[in-house]
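This is the structure I have questions about; it appears just below.
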Protein chains: 2
Amino acid sequence: MSLEHAILGFLEREPMTGYDLKTRCFDDAAGHLWTADQAQVYRTLERLSERGLARSRVFPQRGKPDRKVYRITTKGRAALDGWLHSAQPLAPVRDPFLVRFALADGLSDEEIAALLAEAREEYQSRLDTLRADAAAPVPTCAGADDRGSELYRMTLGAAISATRTVIDWIDDATERIRQGLPVAKQRPTSEGV
Amino acid sequence: MSLEHAILGFLEREPMTGYDLKTRCFDDAAGHLWTADQAQVYRTLERLSERGLARSRVFPQRGKPDRKVYRITTKGRAALDGWLHSAQPLAPVRDPFLVRFALADGLSDEEIAALLAEAREEYQSRLDTLRADAAAPVPTCAGADDRGSELYRMTLGAAISATRTVIDWIDDATERIRQGLPVAKQRPTSEGV
DNA sequence: GCGTTTTATGGGACTTGTCCTATACTCGCT
DNA sequence: AGCGAGTATAGGACAAGTCCCATAAAACGC
């Protein structure tokens with residue numbers, strides 16, 4: 001899985017607690033590339049620690065819960081490096097929005113257009129967020145130095161162009177529907193198997 | 001989940017067996033939008049049947065295992081329709097390739113370029129497949145009639161432009177790296193926690 | 001003749017990811 | 001004075017998805 005390696009990668013940059021990883025790294029920085037559930041971050045950290053890829057040390061705090069700071073180990077660094085070097089299969093496509101669109105032939109043209117409009121809005125707001133992030137300084141956790149920051153900025157660029165492409169497609173599709181789709185053939189509603 | 005509804009959508013077009021769904025629908029047609037594990041298709045069909053959204057009937061065959069043909073029920077049609085009409089949240093982004101790229105600041109420029117080249121090849125072959133599919137007639141299971149076929153062709157177009165965008169980004173990124181990335185700051189390799 | 005692919009179903013074990021909950025103390029707001 | 005938000009950890013239950021396996025007969029290539 002990627003979460004494990006993503007966490008190792010972040011720990012390689014800076015020792016951190018599960019809370020830091022979740023809020024600073026995943027919610028703020030890597031959220032455009034990989035979202036992570038809080039419970040899973042903690043569970044993954046524990047597993048990493050069991051397997052000797054990370055080590056933790058508790059720092060007591062007054063007034064707040066103790067911080068359990070995780071640090072990558074030499075073994076963890078080796079695992080991260082191995083992952084970075086080894087060939088990874090392309091992630092299979094999995095787009096609920098397009099699945100829905102493809103199966104929407106039972107809806108009227110107007111309903112399909114509404115579906116597109118709704119998705120467009122959401123993609124647009126995602127784009128706005130991405131652009132705001134691109135204008136803002138790179139979060140510490142995303143770019144430890146200039147090299148890391150540059151890579152992060154480049155992935156932001158990838159996310160932006162991907163999102164723009166989707167929006168453009170939605171616009172084309174909407175135009176196509178405005179011209180009128182072919183009508184559906186009458187299909188039987190119910191009968192014996 | 002989407003698989004459940006995708007299956008209902010396919011059954012709405014034509015009654016089918018789990019095998020048909022897996023091979024004809026998911027592997028051949030919808031594979032660009034949603035991949036499905038064979039075991040999960042069967043399990044989902046069973047669950048659909050338990051919940052009264054689909055019904056099955058066994059057709060004995062000689063020489064081959066019996067066909068268990070599933071057919072969508074009125075209740076299933078209602079569920080599908082509800083899903084098509086209800087607002088769906090955008091899928092969270094989850095791109096292992098970009099995560100890897102973002103965390104690759106420990107690698108040399110050449111190694112990062114190699115990583116990109118490798119991904120480019122895979123995306124290119126995905127693009128070739130998509131283009132071949134776009135040139136071929138729409139599979140029966142993807143487009144039951146002209147309306148369905150048109151929607152399917154449009155989603156193919158979406159997949160093609162998305163893939164092209166990624167490839168373009170990879171080319172830009174490669175060019176950027178050829179110009180030389182900033183060097184990494186020296187980071188401590190090991191020390192006390 | 002012999003192995004592989006095709007047709008067809010399904011179980012078991014596992015990984016990954018999500019949702020909800022509990023704990024516990026502080027700080028700021030109303 | 002109380003209530004929610006922030007800081008920090010973690011368990012339980014579950015949903016979704018993957019991988020490997022078994023069965024069984026025909027057809028097809030070598």
Side-chain angles (χ1 to χ4, degrees), chain A residues 1-8 15-28 30-31 33-51 54 56-70 88-96 99, chain B residues 1-8 15-28 30-31 33-51 54 56-70 83 88-96 99 141:
Chain A
M1 76 150 151
S2 258
L3 182 63
E4 202 168 276
H5 298 106
I7 287 181
L8 281 179
M16 266 185 282
T17 67
Y19 188 81
D20 291 335
L21 277 165
K22 169 61 178 157
T23 55
R24 299 219 321 259
C25 299
F26 288 103
D27 290 352
D28 295 351
L33 314 175
W34 198 271
T35 51
D37 183 77
Q38 175 256 106
Q40 213 191 337
V41 169
Y42 282 105
R43 270 191 268 261
T44 304
L45 280 171
E46 204 181 347
R47 190 149 33 88
L48 246 28
S49 170
E50 271 167 28
R51 289 200 287 145
S56 66
R57 201 170 135 187
V58 177
F59 291 83
Q61 293 192 118
R62 283 165 309 157
K64 293 174 190 174
D66 294 350
R67 284 170 64 81
K68 197 164 172 186
V69 177
Y70 285 84
Q88 295 298 320
L90 229 55
V93 188
R94 183 147 291 199
D95 192 327
V99 172
Chain B
M1 72 151 155
S2 260
L3 182 64
E4 201 168 280
H5 298 107
I7 287 180
L8 280 179
M16 266 185 282
T17 67
Y19 187 81
D20 291 336
L21 277 165
K22 169 61 177 157
T23 54
R24 299 219 322 258
C25 299
F26 288 103
D27 290 352
D28 294 350
L33 313 174
W34 199 272
T35 50
D37 183 77
Q38 174 255 105
Q40 215 192 335
V41 169
Y42 281 104
R43 271 191 266 263
T44 304
L45 280 171
E46 203 180 347
R47 191 150 33 86
L48 245 28
S49 168
E50 272 167 27
R51 291 200 286 145
S56 66
R57 203 171 134 185
V58 177
F59 291 82
Q61 292 193 120
R62 283 167 311 157
K64 293 175 190 173
D66 294 349
R67 287 171 60 82
K68 198 166 171 185
V69 177
Y70 285 84
W83 177 68
Q88 294 298 320
L90 229 54
V93 187
R94 184 144 294 199
D95 192 326
V99 172
C141 143

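The basis for the numbers below is simple: all heavy atoms, side chains too, and nothing from hydrogens, waters or symmetry mates.
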Expressed in angstrom and rounded to an integer, what is the separation of A:Arg94 atom CZ from C:dG17 atom C1'?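 Distance, rounded to whole Å: 12 Å.
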
What is the distance, to the nearest angstrom, from the CG atom on B:Asp37 to the P atom on C:dT16?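 Rounded to whole Å, this separation is 15 Å.
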
How many Å lie between CG on A:Asp20 and C1' on D:dG6, as a whole number?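 Answer to the nearest Å: 13 Å.
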
What are the two closest non-hydrogen atoms of A:Thr23 and A:Asp27, and how far apart are they?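 Result for this residue pair: O-CB, 3.3 Å.
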
So, OP1 or OP2 of C:dT7: does either fall under 4.0 Å of a side-chain N or O from B:Tyr19?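 For C:dT7, OP1/OP2 do have a side-chain N/O of B:Tyr19 under 4.0 Å.
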
Go nucleotide by nucleotide along DNA chain C from the 5' end; which of B:Tyr70 and A:Thr35 gets its closest nucleotide reached first?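 On the 5' side of the pair lies B:Tyr70.
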
Donor-acceptor contacts, no H, no angles, side chain residues 37-47 of chain B, under 3.5 Å, sequence neighbours left out:
residue: B:Asp37; atom: OD2; partner: B:Ala39; partner atom: N; Å: 3.1
residue: B:Tyr42; atom: OH; partner: B:Tyr19; partner atom: N; Å: 3.3
residue: B:Thr44; atom: OG1; partner: B:Gln40; partner atom: O; Å: 2.6
residue: B:Arg47; atom: NH1; partner: B:Glu4; partner atom: OE1; Å: 2.6

Taking every non-hydrogen atom, the tightest pair across B:Ser56 and B:Lys68: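 So the minimum-distance heavy-atom pair works out to OG-CE, 3.7 Å.
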
Spacing of A:Phe26 atom CZ relative to C:dT18 atom C1', expressed in whole Å: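 Atom-to-atom, A:Phe26 to C:dT18, this comes out as 15 Å.
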
Separation of A:His5 atom NE2 from C:dT16 atom C1', in whole Å?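 Value for this atom pair: 14 Å.
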
What is the distance from CZ of B:Arg47 to C1' of D:dA16, rounded to the nearest Å?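 Atom CZ in B:Arg47 sits about 9 Å away from atom C1' in D:dA16.
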
Base, sugar-phosphate, or nothing: which does B:Ala36 touch, judged by heavy atoms less than 4.0 Å apart?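 Since no nucleic acid heavy atom lies under 4.0 Å of B:Ala36, the category is nothing.
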
Check this one for me: any side-chain N or O of A:Arg43 less than 4.0 Å away from OP1 or OP2 of C:dT15?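 Answer no for this pair, as no side-chain N or O of A:Arg43 is under 4.0 Å from OP1 or OP2.
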
Regarding C:dG10, can its base be found pairing with the side chain of B:Gln38 as donor and acceptor, where the two atoms are less than 3.5 Å apart?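 Yes, the side chain and the base share a sub-3.5 Å donor-acceptor pair.
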
How do B:Gln40 and A:Tyr42 order along DNA chain D: which one's closest nucleotide is nearer the 5' end?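 Looking at the nearest nucleotide for each, A:Tyr42 comes out on the 5' side.
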
Mapping B:Pro92 and B:Glu46 to their closest nucleotides on DNA chain C, which lands nearer the 5' end?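 It is B:Glu46, whose closest nucleotide lies nearer the 5' terminus.
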
To the nearest Å, how far apart are B:Leu45 CG and C:dA8 P?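 So the CG-P distance, B:Leu45 to C:dA8, works out to 14 Å.
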
At under 4.0 Å, does any side-chain N or O of A:Lys68 touch on OP1 or OP2 of D:dA10?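 So the side chain of A:Lys68 is within the cut-off, an N or O lying under 4.0 Å from OP1 or OP2 of D:dA10.
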
CZ of A:Arg24 versus P of D:dG6: gap in Å, rounded?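 One finds 17 Å between P of D:dG6 and CZ of A:Arg24, rounded.
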
Please identify each residue that fulfils ring pair (Phe, Tyr, Trp, His ring centres under 6.0 Å) with B:Phe26, with sequence neighbours left out.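 Per chain and number, B:Phe26 pairs via ring pair (Phe, Tyr, Trp, His ring centres under 6.0 Å) with B:Phe10.
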
Check every strand shown and say whether A:Thr23 touches a base, only sugar-phosphate, or nothing at a heavy-atom separation below 4.0 Å.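 A:Thr23: no heavy atom of the nucleic acid under 4.0 Å.
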
Can you figure out which of D:dG17, D:dA8, C:dC20 approaches the side chain of B:Leu3 most closely?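 The answer is D:dG17.
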
A:Ala36 and B:Arg94: which non-hydrogen atoms are nearest, and at how many Å?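 Nearest heavy atoms, A:Ala36 then B:Arg94: N-NH2, 4.2 Å.
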
